[in-house]
Amino acid sequence: GESVGLHLPTLSVQEGDNSIINCAYSNSASDYFIWYKQESGKGPQFIIDIRSNMDKRQGQRVTVLLNKTVKHLSLQIAATQPGDSAVYFCAENDDYGQNFVFGPGTRLSVLP
Amino acid sequence: SQTIHQWPATLVQPVGSPLSLECTVEGTSNPNLYWYRQAAGRGLQLLFYSVGIGQISSEVPQNLSASRPQDRQFILSSKKLLLSDSGFYLCAWGDRALAKNIQYFGAGTRLSVL
């Protein structure tokens with residue numbers, strides 16, 4: 001269940017800098033991971049995914065890194081722009097392969 | 001291309017009133033369908049998912065129910081709303097014909113129960 005009083009972690013970066021958003025997952029059997037971006041008042045949008053047989057995957061200005069040893073996932077955004085301001089969620093594929101378990105999210109604020 | 005529609009965008013309902021939120025998907029067949037709830041500043045909690053017409057799986061016991069009367073229609077309902085039902089409700093679909101079950105989300109419905 002959710003913890004009472006849990007606050008969303010926030011990352012503030014200067015426009016033009018690189019951003020790194022981290023996510024720890026719990027299930028060592030998870031074999032597929034997705035990063036989503038959610039802007040205020042909107043539904044989450046798919047950004048990038050990675051399978052457990054890979055350590056790194058690159059997209060346009062984004063890179064996802066997977067460290068299975070420590071069960072850690074990160075999203076790197078190059079040259080962060082104001083439009084990148086949003087909440088970012090990682091999601092791991094659950095044991096049955098049908099559904100995802102979402103992390104609590106990180107709010108990214110881009111400073112001018 | 002596939003699109004997902006969710007309505008209404010916002011809803012204010014009194015405690016004890018019924019609820020019906022609708023979600024439809026276009027451009028795909030036999031999708032997996034999902035309802036999530038998101039409390040303010042929190043992550044996504046899976047409420048229901050469906051792999052076919054009339055097939056509903058519930059993830060958490062609650063005051064809500066879901067139905068899938070047609071292949072691309074998913075409805076979230078309640079007979080009597082509680083204050084604790086307030087939140088941001090998201091519908092999503094996934095193409096289970098693909099090895100990757102990426103979920104694509106609708107724009108959400110913000111429900112306020114007063």
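Each chain gets a letter, A, B and so on, in the order the sequences are listed, and its residues count up from 1. FYI, side chains are in, hydrogens and waters are out, and symmetry mates aren't considered; it's all heavy atoms of this structure.
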Just so I understand: if I count every heavy-atom pair under 4.5 Å between each of A:Pro44, A:Ala91, A:Gly43 and chain B, which residue has the most?
A:Pro44
Do other residues, nucleotides or ligands put more than 12 heavy atoms under 6.0 Å from the CD atom of A:Gln14?
yes
Distance check, rounded to the nearest 0.5 Å: A:Phe100 atom CZ versus B:Tyr34 atom OH?
7.5 Å
Joint cluster assignment, A:Ile21 & A:Ile48, ILVMFWY side-chain distance < 4.5 Å:
yes
Pairs of heavy atoms under 4.5 Å with chain A: top-ranked of B:Ala9, B:Gly94, B:Ala107
B:Ala107
Side-chain heavy atoms of B:Leu90 within contact of A:Gln38, under 4.5 Å:
yes
Residue A:Lys68 excluded, over 12 heavy atoms near NZ under 6.0 Å:
yes
For atom CZ of A:Arg57, is the number of surrounding heavy atoms from other residues, nucleotides or ligands below 6.0 Å larger than 12?
yes
Any residue of residues 73-89 of chain B which, by heavy atoms, sits under 4.5 Å from chain A:
B:Phe88
Out of curiosity, does A:Val87 fall in the hydrophobic cluster containing A:Val13 (side-chain heavy atoms, cut-off under 4.5 Å, transitive links)?
no
Would a single hydrophobic cluster contain both A:Met54 and A:Leu66, if residues Ile, Leu, Val, Met, Phe, Trp and Tyr are joined by side-chain heavy-atom contacts under 4.5 Å?
yes
Determine, using the 4.5 Å side-chain heavy-atom cutoff (strictly less than), whether A:Phe33 and B:Tyr36 are members of one ILVMFWY cluster.
no
Applying a strict under-4.5 Å side-chain criterion to I, L, V, M, F, W and Y, I'd like to know whether B:Leu64 and B:Val15 cluster together.
yes
Relative to each other, are the rings of A:Tyr36 and B:Phe105 parallel, tilted or perpendicular (30° and 60° limits)?
perpendicular
Is it the backbone or the side chain of B:Leu46 that comes under 4.5 Å from a heavy atom of chain A, or both, or neither?
side chain
Could you go through the side-chain contact (heavy atoms from CB on, under 4.5 Å) check for B:Gln38 and A:Phe89 one step at a time?
CA-CA 12 Å; B:Gln38 184 176 33; A:Phe89 294 96; 3.2 Å; yes
